[in-house]
Amino acid sequence: MTDYAIQTDGLTRRFGSVVAVDNLSFQVPRGSIFGFLGPNGSGKTTTIRLLLGLLEPSAGSARVLGLDPLRQGDEVRARSGALLEHPGLYERLSAQDNLDFFGRVWHIPAPARAARVQELLGPLDLWERRHEPVGDWSRGMKQKLAVARALFHRPEVAFLDEPTAGLDPVAAATLRDDLERLVSHEGVTVFLTTHNLPEAERLCDLVGVIRYGKLLAVDTPAGLRLNAGGQRVEISGAGFTPGLIEQLRAQPEVRAVEQENDRLSISLTGEVSVAPLVRLLVEGGAAVEEVHKGAASLEEAFLSLMEQPA
């Protein structure tokens, strides 16, 4: 059995003269959460449709659970769960009846369906409201139920296309917490598209960044922060004169220096020592009080990738 739940090799999809997905090659390890990041129109949803066998590639190939989505699409979809643009819920039905219906579609026996409803709705804090019509629920509650629907038949891979989009911050944070617990419990591989970079940083083992259909990078969130965003050091104190700041900017290991009152934010070119920079400030007459070093944020790394020439 391959160690990868998803593999692509030069995967490409054209719509006329538009190349929606352009020569994608990446691998998603089994049991991981893979975040697929990119602006609107970058090819994220098209990639999911190719992986599910809902679209035919113009070139290249893909494997999902070792299967070819083009020729074995029915089996790929039977072993996958999906939450795409719409939650796929029947709003006149209760939460329990929604899940029971999908369980019958998957030919799950009645006792197993009942147990599975409780198994999923309990951790999502929806069990006590299982008999209510879904149409009366908030958007956040519906999204939780939609995630439960996607995982109901115990898929090996779950494709979740921006599951927290449109939710208020509290509902989105709650759904992220619930999703993290469910994925850990279920052991499913998750292919997650999102615009929410803190969400990707928290949930994902690996992240792929796509723009105009092209894959710009695949790495851990920490790796992306280091490689694309570099290291950052925050220095607080006094006496940061314009001349000292210009000297800092002239150092080969310094990418940029920003000053806000008594605090300097210095972007570095890589994993370098900050001791020479601190010494430069002190010898120049500055009073250094605190030094904090860390990687740039995932958002900074993402924006750095977006700024690269197409």
Side-chain angles (χ1 to χ4, degrees), residues 4-30 32-64 69-70 76 80-85 157-166 172 176 179 189-230 295-310:
Y4 298 109
I6 300 171
Q7 297 174 279
T8 69
D9 183 11
L11 188 64
T12 301
R13 172 68 193 199
R14 302 182 184 90
F15 295 97
S17 60
V18 176
V19 184
V21 172
D22 191 355
N23 195 35
L24 296 190
S25 297
F26 61 85
Q27 299 169 323
V28 178
R30 288 178 181 267
S32 67
I33 302 180
F34 181 83
F36 208 39
L37 310 182
N40 287 331
S42 59
K44 302 188 300 295
T45 301
T46 300
T47 301
I48 287 180
R49 293 185 175 278
L50 288 166
L51 295 174
L52 286 170
L54 301 175
L55 285 175
E56 181 176 348
S58 303
S61 63
R63 289 288 184 275
V64 177
L70 180 60
V76 168
S80 301
L83 172 55
L84 303 183
E85 296 96 329
V157 177
F159 295 92
L160 305 180
D161 194 3
E162 305 205 25
T164 61
R176 282 195 295 272
L179 179 60
T189 303
V190 174
F191 189 97
L192 173 75
T193 73
T194 181
H195 284 118
N196 190 310
L197 297 173
E199 177 174 280
E201 190 160 16
R202 172 175 173 176
L203 292 177
C204 298
D205 303 295
L206 282 176
V207 171
V209 180
I210 186 173
R211 182 186 61 171
Y212 301 133
K214 292 182 177 292
L215 192 64
L216 302 181
V218 177
D219 207 336
T220 63
L224 279 182
R225 292 197 308 268
L226 178 61
N227 296 327
S297 69
L298 184 60
E299 180 176 5
E300 290 168 322
F302 177 81
L303 292 175
S304 176
L305 287 168
M306 291 298 107
E307 291 168 358
Q308 292 181 3

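Nothing fancy with the numbering, it's 1 onward along the sequence. All values reported here derive from a predicted model rather than from experimental measurement.
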Trainee: Give, for atom NE2 of His195 and atom CG of Asn40, the distance between the pair rounded to the nearest 0.5 Å.
Mentor: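 Spacing of NE2 (His195) from CG (Asn40) equals 4.0 Å.
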Trainee: Looking at Gly38, is its backbone amide N or carbonyl O close enough to the side chain of Lys44 to form a donor-acceptor pair, meaning the two atoms are under 3.5 Å apart?
Mentor: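 Flag set: sc Lys44 to bb Gly38 pair under 3.5 Å.
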Trainee: Taking distance alone, no hydrogens or angles, what donor-acceptor pairs closer than 3.5 Å link side-chain atoms of residues 47-62 to residues at least two apart or in another chain?
Mentor:
residue : atom : partner : partner atom : Å
Thr47   : OG1  : Gly43   : O            : 2.7
Arg49   : NH2  : Glu85   : OE1          : 3.2
Arg49   : NH2  : Glu85   : OE2          : 3.4
Ser58   : OG   : Arg14   : N            : 2.9

Trainee: Within the side chain of Thr46, is there an N or O that forms a donor-acceptor pair under 3.5 Å with the backbone of Ala20?
Mentor: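 No, because the side chain of Thr46 does not come within donor-acceptor range (under 3.5 Å) of the backbone of Ala20.
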Trainee: Once side-chain contact (heavy atoms from CB on, under 4.5 Å) is applied, do any residues pair with Pro39, and if so which ones, sequence neighbours excluded?
Mentor: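 Listed in chain order: Ser42, Phe302, Met306.
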Trainee: Show your reasoning for whether side chain to side chain contact (heavy atoms under 4.5 Å, CB included) applies to Ile33 and Leu179.
Mentor: CA-CA 11 Å; Ile33 302 180; Leu179 179 60; over 6 Å; no
Trainee: Using every non-hydrogen atom in the two residues, find where Leu160 and Val190 come nearest and quote the distance to one decimal.
Mentor: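 Scanning both residues, the minimum pair turns out to be CD1-CG1, 4.0 Å.
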Trainee: Could you check whether any side-chain heavy atom of Phe159 comes within less than 4.5 Å of a side-chain heavy atom of Ile6, counting everything from C-beta outward?
Mentor: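 They are in side-chain contact.
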Trainee: Under the rule for side-chain contact (heavy atoms from CB on, under 4.5 Å), what residues qualify as partners of Leu206, not counting sequence neighbours?
Mentor: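 Result, side-chain contact (heavy atoms from CB on, under 4.5 Å) vs Leu206: Pro29, Phe34, Thr220.
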Trainee: Going from CZ on Phe36 to OG1 on Thr45, what distance comes out if it is rounded to the nearest 0.5 angstrom?
Mentor: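 So the CZ of Phe36 and the OG1 of Thr45 are separated by 10.0 Å.
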Trainee: How close do Ala200 and Leu37 get, heavy atom to heavy atom, and via which atoms?
Mentor: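 So the minimum-distance heavy-atom pair works out to CB-CD2, 3.7 Å.
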Trainee: Can you name the salt bridge (Lys or Arg N to Asp or Glu O under 4.0 Å) partners of Asp161, sequence neighbours left out?
Mentor: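 Partners of Asp161 under the salt bridge (Lys or Arg N to Asp or Glu O under 4.0 Å) test: none.
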Trainee: State, to 0.1 Å, how close Cys204 and Pro221 come at their nearest heavy-atom pair, and which atoms those are.
Mentor: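 Nearest pair, atom of Cys204 first, then Pro221: O-CG, 3.5 Å.
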Trainee: Check Ser25 against Gly10 and note the closest heavy-atom contact, atom names and distance.
Mentor: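 Minimum heavy-atom contact is OG-N, 2.8 Å.
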Trainee: Find the distance between CG (Leu192) and CD (Glu162) and round it off to the nearest 0.5 Å.
Mentor: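 Spacing of CG (Leu192) from CD (Glu162) equals 8.5 Å.
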Trainee: Quick one: side chain to side chain donor-acceptor pair (under 3.5 Å) partners of Glu199, sequence neighbours excluded?
Mentor: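 Side chain to side chain donor-acceptor pair (under 3.5 Å) check on Glu199 returns Thr164, Arg176, Thr194.
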Trainee: Under the side-chain contact (heavy atoms from CB on, under 4.5 Å) rule, collect the residues that match up with Asn23, sequence neighbours excluded.
Mentor: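 Asn23 satisfies side-chain contact (heavy atoms from CB on, under 4.5 Å) with Thr12 only.
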Trainee: Report the distance from atom CG of Leu224 to atom CG of Asp219, rounding to the nearest 0.5 Å.
Mentor: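 If I round to the nearest 0.5 Å, the distance is 5.0 Å.
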Trainee: What's the spacing between Asp9 CG and Gln27 CD if we round to 0.5 Å?
Mentor: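 One gets 9.0 Å once the value is rounded to the nearest 0.5 Å.
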